[in-house]
Amino acid sequence: SQVSKRTVMGRRGTIYDRRGRVLATTRTAQRLFVDPYLIEERSTFSARVGYSLGYDPVWVEKTLFQHPRSRYIVLDHRLSPQRLEQFHQLNLPGLAVEPVLVRDYPHGTLAGQLLGFVNREGQGGEGVEMKFNARLRPKPGRLTYLRDAQGRPLWVRTDAYQPHEDGESIRLSIDITIQAIAQKYLAQTVQEYGAQSGQIIIMQPYTGEILAMANVPEFDPNHYNQSKPEDWRNRAVTDMFEPGSIFKPFIWAAATQMGVAKPEELIDCTTRGWWKPARGPILRDAHPNGLLTWEQVLIKSSNIGMGKVGERLGVQKLHQIITAFGFGRSTGSGLPGEVGGLVRSPENWSATDITRVTMGQGVAVTPLQMVRAFCAIANDGFLVTPMILAAQPDAAQAVPIQERVLLPSIAAYTRSVLGRVVVEGTGRKANSSLYALFGKTGTAQLPDLEHGGYLPDGYVSSFIAGAPLDAPQLVVGCFIHHPDKKKGHYGGIVAAPAVKQVMEESLMYLGVPPQTVPRQLPPPTQLVLDD
């Protein structure tokens, strides 16, 4: 008798959404392979396999030719049910199937980049599969048994059996229904404006839980090898861009809190529509504005008004504000490939930066950083850590550390002013008849990496909003890269309608009662000066 050893494979852990719906699971499939030594009719074999099972006969012949000495040549790692049925009818010597464990993503392209995929070696590639690979991966077992002269198993030695361990299952913060809503409107927007790509992120502002993270172009992890590697990338955390005007609320709120700008003061934004700062080039507004209150500077998105207050703040305070809101460092989400954006240290700022940074130029951010920072305005002033795992209901779980960046009164006042952006300012296309939104538009030029300066027709059109205004439940950010300028490129035109639709459908799905008339908050009377 002879001794044989065998590895016993376990199942990889299942990935669920926050409500326990399966996002990724392991199932048994059939692998199709050929043993050329058992083929009886070599001349007709490739043609019969090809035409019966729907493969290219030339490809089948070529695959067999590439492995002339092998007795095990895989033709299909995962047979479709139709092909499996046709295989059983074929009954062709030399062609066989064997059961294999495969990773299955029942929702196809939904959250594809976020989930990632599992490669042929059983390792997580990209996304959640990669981040939690050690937890999800099974531990294989070992089996040693005796065989007779014909190779048939006789018995297993009890001391030589080590059982396998299945991988641990995990529950994500993602809600697959909200994810589907986000992907639907994102895909429509990218198509309508002929854009290259886009992202939508939806976060719960108090817990930091990510309810949806959508990317277009989409990617189906069931067929990862049929798509380009750049489509696997979760651009919501791996790609940086200059944010433009969606950056203004953070500077505006902090300057208000520091007392550097007073809510009721008038700022001369010039009747010419342009202004020359003390240092650096001319700033322009989309329209000449004349005198504006500090509130109107944000509502009308005046670059000049923001630039003038930037000069009052100076380099050190501006840098302090930007870093306090989490820019220039990773959000702590732990998602693979996440970058920290780009914020230069104060000594490396140019004369131009003091006025440019206030309007979202001269810094680079990720979509997740932007949505996270906006959550601080929604949740009364806390910078939360984005969470991709569902929050555990048991009290034993530690609450993630939160940093206070705004006073509750300042955050509420900023929400009130951002509510007017949606009703009377640049975000009017996001004005909902169901919920009061507060938000900010952004239209940022893309840098010309070859020649310096900016691309004449390259833009990121974005809109971030929270709702309902009086008790925010969700923050939604939409970022559309390289829209066709002939079709539209302003954030208020391109991205705002998608955010409105996503917000309405998501809040209705969550059972949040409609609330359309928010309280107009007066400016906080006790402004705490914070140096």
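Basis for what follows: all heavy atoms, side chains included, without hydrogens, waters or symmetry-related copies.
Inter-residue side-chain proximity for Thr323 and His319 is flagged as met; some heavy-atom pair is nearer than 4.5 Å.
Under the 4.0 Å criterion applied to side-chain N and carboxylate O atoms, Glu121 and Arg137 are not assigned as salt-bridge partners. With salt bridges taken as basic N to acidic carboxylate O contacts below 4.0 Å, one links Asp380 and Arg415. Between Glu295 and Arg420 a salt bridge is recorded (basic side-chain N to carboxylate O distance below 4.0 Å). With respect to the salt-bridge test (charged N to carboxylate O, under 4.0 angstrom), the residues Arg19 and Asp175 qualify. Ionic pairing of Arg78 and Asp104 is present here: one or more N-O contacts between side-chain nitrogen and carboxylate oxygen are shorter than 4.0 angstrom.
The OG atom of Ser197 sits 11.0 Å away from atom CD of Glu230, with the distance rounded to the nearest 0.5 Å.
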Got a list of side-chain donor-acceptor pairs under 3.5 Å for residues 479-502, not counting sequence neighbours?
{"unit_1": "His481", "atom_1": "NE2", "unit_2": "Gln199", "atom_2": "OE1", "d": "2.8"}
{"unit_1": "Asp484", "atom_1": "OD1", "unit_2": "Lys486", "atom_2": "N", "d": "3.0"}

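Aromatic rings from Phe438 and Phe374 are positioned such that their centres are separated by under 6.0 Å.
Remark: the Thr331 side chain and the Glu338 side chain contain an N/O donor-acceptor pair separated by less than 3.5 Å. Gln473 and Tyr206 form no side-chain donor-acceptor contact under 3.5 Å, judged by distance and modelled atom types alone. Using modelled atom types and a 3.5 Å distance limit, the side chains of Thr25 and Arg103 yield no donor-acceptor pair.
Using a 30° and 60° split on the angle between ring planes, Tyr413 and Trp252 fall in the tilted class, from 30° to 60°. Using bins of under 30°, 30° to 60° and over 60° for the plane-to-plane angle, the ring pair Phe117/Phe219 lands in the perpendicular bin.
Side-chain atoms of His107 do not come within 3.5 Å of backbone N or O of Ala180 as any donor-acceptor pair.
Within 6.0 Å of the CD atom in Gln188, the count of heavy atoms belonging to other residues, nucleotides or ligands exceeds 12. For CD of Glu424, the number of neighbouring non-hydrogen atoms (other residues, nucleotides, ligands) closer than 6.0 Å is greater than 12.
The shortest heavy-atom contact between Ile174 and Asp17 is O-CB, 3.1 Å.
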